[in-house]
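On a predicted model such as this, the values are computed, not experimentally measured, just so you know. Chain letters run A, B, ... following the sequence lines, proteins first, then strands; residues in each count from 1.
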Amino acid sequence: MTTTTSPTETTSVVQPSVSPLERFRVPGAFLLGAVLLIGVAPLALSDFRLNLLAKYLCYAIVAVGVSLAWGRGGLLVLGQGVFFGLGGYAMAMHLKLADAAATGQTLPDFMQLYGTSDALPWWWEPFADPAFALAMTVLLPMAVAALLGFFVFRRRVKGAYFAILSQALAAALSIWLIGQQATTGGTNGLTDIQGFFGYDLNDPVNQRMVYFVIAAVLLLLMAAARQLFVSRYGELLIAVRDSEERVRFLGYNPANVKLVAYVVAAGMAGLAGALFVPAVGIISPALIGIVPSIGFVIGAAVGGRASLVGAVLGAIVVAWAQSTLSDAFPAAWTYLQGLLFVLAVGFLPGGLASLGVVLRRRRTQTRTTPTVSTAPTGETA
Amino acid sequence: MTVILNQSFTGISIGAVLLLIALGLTLTFGQMGVINMAHGEFIMAGAYTTYVLQKSISSAGISLLVALPLAFLVAGAMGALLEWLLIRRLYTRPLDTLLVTWGVSLMLQQLARDVFGAPNVQTHAPDLLTGNMSVAGVTLANNRLFILGLALLCALTLTLILRLTPLGRRIRAVVQNRDLAEVSGIATERVDRTTFFIGSGLAGVAGVALTLVGPIGPTMGTNYIVDAFLVVVVGGVAQLKGSVITAFALGVLQSVLEYSTTVSVAKVIVLVAIVAFLQWRPQGLYTLRTRSLV
């Protein structure tokens, strides 16, 4: 977590500083976050609220990937719902099969209702194996992202074109899932999941365990993403975002750089989807279509797309506000959400994380070179 | 044979709707590289204009005829306002415009919900447009034919405006090279606003047409917007004929695939086809030939 051993220290993403206080800022903040998530939150929150927090943390995991691909790489990923959904469905398929096996059935409950045949579809069968299903929650999204990314980036399809394609992918997957009622549960999705690798999810203790798993995964992925940000690769990614042609002239292939960011972000979204299933007990097309896919980007945009902590906090706060305010004042919340988005993206492109920088600069009225954490130009992707 | 012809006609009528929506997008996207997600809500505005007019003018035929220009003005004014308020400030960050206009579209949907209520509403089609025509064994619905005619008329008018009028010349100049246009004395900001007015107005006209084939609701725009954007991506922004060809091609492809598979599988295949197509022509069917690297 510290940048002192990094070989690229002089050009590091965080402005290197000699102050010892600065040196411990990042590990300190990380430790504080870990204490809050693992130590304080479970003690302070009721079971119900902790479960809600677990759900928000899943969105935060997606935001880590969004911060990597969009904040650092300039790839406006409007289809993260696809990868969230693939991970979620992979996990839910296994859990449904395990639930069915626990009650002596061969078919999940919804298949007995809608299904046309008594046999399990061939592509469901491998998911009975827990190791396979777990691997698929990450590998399947990464494979889809690699396939799409390879063809798209290779031909230098970028910017808005890429954003629209990734959005269309989200639309296509949710429409496809809805169409396959007999094998995917259709509009309802996979619901009513009871167990999680032998643990009963109705038991509050096990729900807490799920929370701890999610919080740990989030912290681990944040640490990993942080290392990626300050590595040589992270530098290259920002260079591609800000001036792709120049990177190409320097002898790098921007397509590969972008592909890695896109695939890693997809894997993170897949993992988030997989963890979302035991926390919430459902995965459905409505959770992965166009609107939720944009929702994954919103939190990162409001909090600060290029700042890891900003994106994660933004995702948690927006999700919290959504579920708290949308019940009480549905109409007002929609206006507020739209307005928040217009203001945050339109007038504070670095998100709330850059508020301090922006205010400080305004106060001192000095034109310093912008730090990396301020927003990208948006033209590159 | 009849089946093929029938499916083709269905496809062409899907294509006509896509074309009507995509025409406006081609203009706004081509001009400023702006992805206007609120375009779908301008469609909705056009549809609700028709609905309100029909409440005050009882004759369905007259209200539809009045609605066409009025919806153009209403949606166009909304577009010009949006351009003036937000989009011109985001001129250097086109990708962010996508997200900002999505926020705007959220607010407009809620506004529609508050004003007209959440449930869908219906308009009555004029008697002339409710029947069917039968040509060589193919059943042609009159309302679909009307939309097809309207889409072609709009495309033709727009082409003539772009080709023959001084305004069209200015728009083309800005699309092709904004900086050169500016140093040649074109007030690019004013051209931007006019383009946005026309592009958004066309969305309003599309909204009027959509009242003939479906219900009017706050979220009606979102159903079409992604497909319409795909049309622009595949067609390219340089020439309108790219959008015309693509809209009909995607429409026919979609309906033929829907016939041989299912709606959902057809969507996926169309998307794969688009990605494959972009391998061949990454900037769309008709591209601007420039020496620019980006």
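- The number of heavy atoms from other shown groups lying within 6.0 Å of CZ (B:F277) is above 12.
- Counting heavy-atom neighbours within 6.0 Å of A:W122 CH2, excluding the residue itself, gives a total of 12 or less.
- When all heavy atoms are compared, the tightest approach of A:P349 to B:D96 is CB-OD2, 4.2 Å.
- The nearest pair of heavy atoms linking A:G346 to B:V100 is N-CG2, 3.6 Å.
- Looking at heavy atoms from C-beta onward, A:Y335 lies in side-chain contact with B:D114 at the 4.5 angstrom threshold.
- Contact of B:L278 with chain A is made through backbone and side chain together, with heavy-atom distances under 4.5 Å.
- Both the backbone and the side chain of B:V104 come within contact range of chain A, judged by heavy atoms closer than 4.5 Å.
- Most heavy-atom pairs under 4.5 Å with chain A: of the set B:P282, B:A266, B:A276, this distinction falls to B:P282.
- In terms of heavy-atom proximity, A:G159 sits nearest to B:L95 at C-CD2, 3.8 Å.
- The CD atom of A:Q337 sits 10.0 Å away from atom CD of B:Q110, with the distance rounded to the nearest 0.5 Å.
- There is no contact between A:L173 and chain B, counting heavy-atom distances below 4.5 Å.
- Using cut-offs of 30° and 60° on the angle between ring planes, the pair A:Y161 and B:F29 is tilted.
- By number of non-hydrogen pairs under 4.5 angstrom with chain A, the leading residue of B:L230, B:V270, B:T262 is B:L230.
- Side-chain atoms of B:R93 come within 3.5 Å of backbone N or O of A:V345 as a donor-acceptor pair.
- Between the CD1 atom in A:I164 and the CG atom in B:D227 there is a gap of 11.5 Å [rounded to 0.5 Å].
- Using a 4.5 Å cut-off on side-chain heavy atoms (C-beta onward), B:V275 and A:R155 make no contact.
- Summarising the geometry of B:L98 relative to A:A163, their closest heavy-atom pair is CD1-CB, 4.1 Å, with the distance given to 0.1 Å.
- A distance-only check finds no donor-acceptor pair linking the side chain of A:R154 to the backbone of B:Q279 [under 3.5 Å].
- With values rounded to the nearest 0.5 angstrom, A:L336 atom CG is found 11.0 Å from B:L106 atom CG.
- Here the CH2-CD1 distance, from A:W176 to B:I269, works out to 12.0 Å after rounding to the nearest 0.5 Å.
- Residue contact with chain A, scored on non-hydrogen atoms closer than 4.5 Å, involves the side chain of B:I274 exclusively.
- B:L99 touches chain A through backbone and side chain together, each having a heavy atom under 4.5 Å away.
- Residues A:V291 and B:W102 are in side-chain contact: their nearest non-hydrogen atoms beyond the backbone lie under 4.5 Å apart.
- Atom CZ of B:R113 is separated from atom OG1 of A:T334 by 6.0 Å, given to the nearest 0.5 angstrom.
- With rounding to the nearest 0.5 Å, the separation of CG in A:L339 from CE in B:M107 is 5.0 Å.
- Of the two parts of A:I298, only the side chain, counted from C-beta on, holds a non-hydrogen atom closer than 4.5 Å to a non-hydrogen atom of chain B.
- Of all the listed residues (A:V297, A:I175, A:I294), the one sharing the greatest number of non-hydrogen pairs under 4.5 Å with chain B is A:I294.
- If you measure heavy-atom distances from A:L177 to chain B, you find no contacts under 4.5 Å at all.
- A:A168 touches chain B through backbone and side chain together, each having a heavy atom under 4.5 Å away.
- Of all non-hydrogen atoms in A:G179 and B:S264, the two that sit nearest each other are CA-OG, 3.7 Å.
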